[in-house]
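Notes follow once the structure below has been shown.
Worth saying up front: this structure is predicted, and the values here are computed from it rather than measured.
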Amino acid sequence: MTILIKNGKVVNPAKKQEKVMDILIEDGRITKTETDILKEADEVIDASGCLVMPGLIDLHVHFRDPGQTHKEDIATGSAAAAAGGFTTVCCMPNTKPVVDNPETVAYIVEKAKQTGLTNVLPVGAVTVGMEGNTVTDMEAMKKAGICAISEDGKSVMNSAVYRRAMKTAARLGLPVLAHCEDINLVEGGVMNLDEKSEQMGLKGISNAVEDIIASRDILLAKETGAKLHLCHCSTKDSVTMVREAKADGIAVTAEVCPHHFSLCTEDITANDGNFKMNPPLRKREDMETLVGGLQEDVMDVISTDHAPHSQKEKSGGMEKSPFGIVGLETSVALTITNLVKKGRLTWIQMAEKMSYNPAKVLGIPKGTLNEGAVADIVIINPDETYEINPDNFKSKGRNTPFAGMKVSGKVKYTILNGKVVYHD
């Protein structure tokens, strides 16, 4: 099978290259990138006016499978990923049962292979049952296919247990994806602690809930040599700590989610469960600092924290709804609309943060458009405008605060291993 992509602006972060070129794909790999390739192909895609980027990589999704498939499953999650331009996603382990053993890892790997719409890389739990007490058999899970470890949804509060886990992860070369939350400080909070929470009469979550554990985890990474990745950073001090940790030579990277660089508490218009996520939307000062951290390359990755829930579950307002929103099918448009079109990121930086850098965090040979690379590719029309309509999502989840928002940037094709898996 050969595919020839013509006339697209090729954005290759591996070479800092942004140029109108053609790409030839043969037998699942990129075999040629140059101007005006003259060769017959089984399929020719005219990408005029579009961006051609490496397939996007999301370090942080929840596919709810096994155990909560009324919210999402691997098939629907993979379809959402393909529609969003993602060719690789990392599934968090807080399923039912928890991904804390090689058998559950193997189940996810096999089901994803059967679906065939995106590369699904399972993340293994740090502790058995995510109970925070006993470190999992990471070596067995790595052999079964995990790409990293995480206790996402909570932190391992026992620092001694976490240190043991980090030492093992360092020995095995597994990244540690850290959800930073001091559970003892949450105190029933459902949104950011500020004037807005007081005005709405709701319990708040302070920045310290995140910052204290982020600081601890960075120090443990320094001691153990673990490769630490901070998930869904939401506070201005997280940016400061990541900057200082990198200056100190600590192996730390960090991600920001589109909802945290697109919205702040001022944008919460009602007591609506679709505005409830963990960590919560913060103050404008935090949001602007996160954007600055992305712009300055302090923050390495844009991830979605795609967290689908049913409409019934999300209808309970801020107090009764579960935390989390969907993000796979809105991430490209929100990044283009709120960052690139506003001059805060370049196209190269977008490709770095959504593909090249996540691949480096995982240590996998993806995120490039170099000749010889596996043909995982996304084609995006950056100027196509539309309103976000959750009814059009491939995901089972409709829980988004962005419904009705006018955005720019539409995924037109997603190519996985040299095969078109999505076409708008």
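- Within a 6.0 Å sphere centred on NZ of Lys394, heavy atoms belonging to other residues, nucleotides or ligands number 12 at most.
- Relative ring orientation between His60 and His232 is described as tilted, the plane-to-plane angle lying within the 30° to 60° band.
- Under the 4.5 Å side-chain criterion, counting only non-hydrogen atoms from C-beta, Lys412 is in contact with Glu384.
- Put simply, the side chain of Asn207 does not reach to within 4.5 Å of the side chain of Lys283, judged on heavy atoms.
- Exactly one of Leu362, Ile146, Val123 qualifies for a side chain to side chain contact (heavy atoms under 4.5 Å, CB included) with Leu174. That residue is Ile146.
- Checking His306, Arg64, His309 one by one against Glu72, the side-chain hydrogen bond (donor to acceptor under 3.5 Å, both in side chains) holds for a single residue, His306.
- At most 12 heavy atoms of other shown residues, nucleotides or ligands fall within 6.0 angstrom of atom CD in Glu40.
- Checking side-chain atoms of Asn7 against main-chain N and O of Ala47 turns up no donor-acceptor pair under 3.5 Å.
- Within 6.0 Å of atom CD in Gln311, 12 or fewer heavy atoms from other residues, nucleotides or ligands are found, so the atom counts as exposed in its surroundings.
- Nearest heavy atom pair, residue Lys276 against residue Met318, reads NZ-O, 2.9 Å.
- Checked by atom type, the side-chain pair Glu151/His179 shows no donor-acceptor distance below 3.5 Å.
- Separating the CG atom in Leu177 from the CD atom in Glu255 is a distance of 7.5 Å, to the nearest 0.5 Å.
- Between the side chains of His259 and Asp305, no donor-acceptor pair of N or O atoms lies under 3.5 Å.
- Side chain to side chain, Asn94 and Asp152 fail the donor-acceptor criterion of an N or O pair below 3.5 Å.
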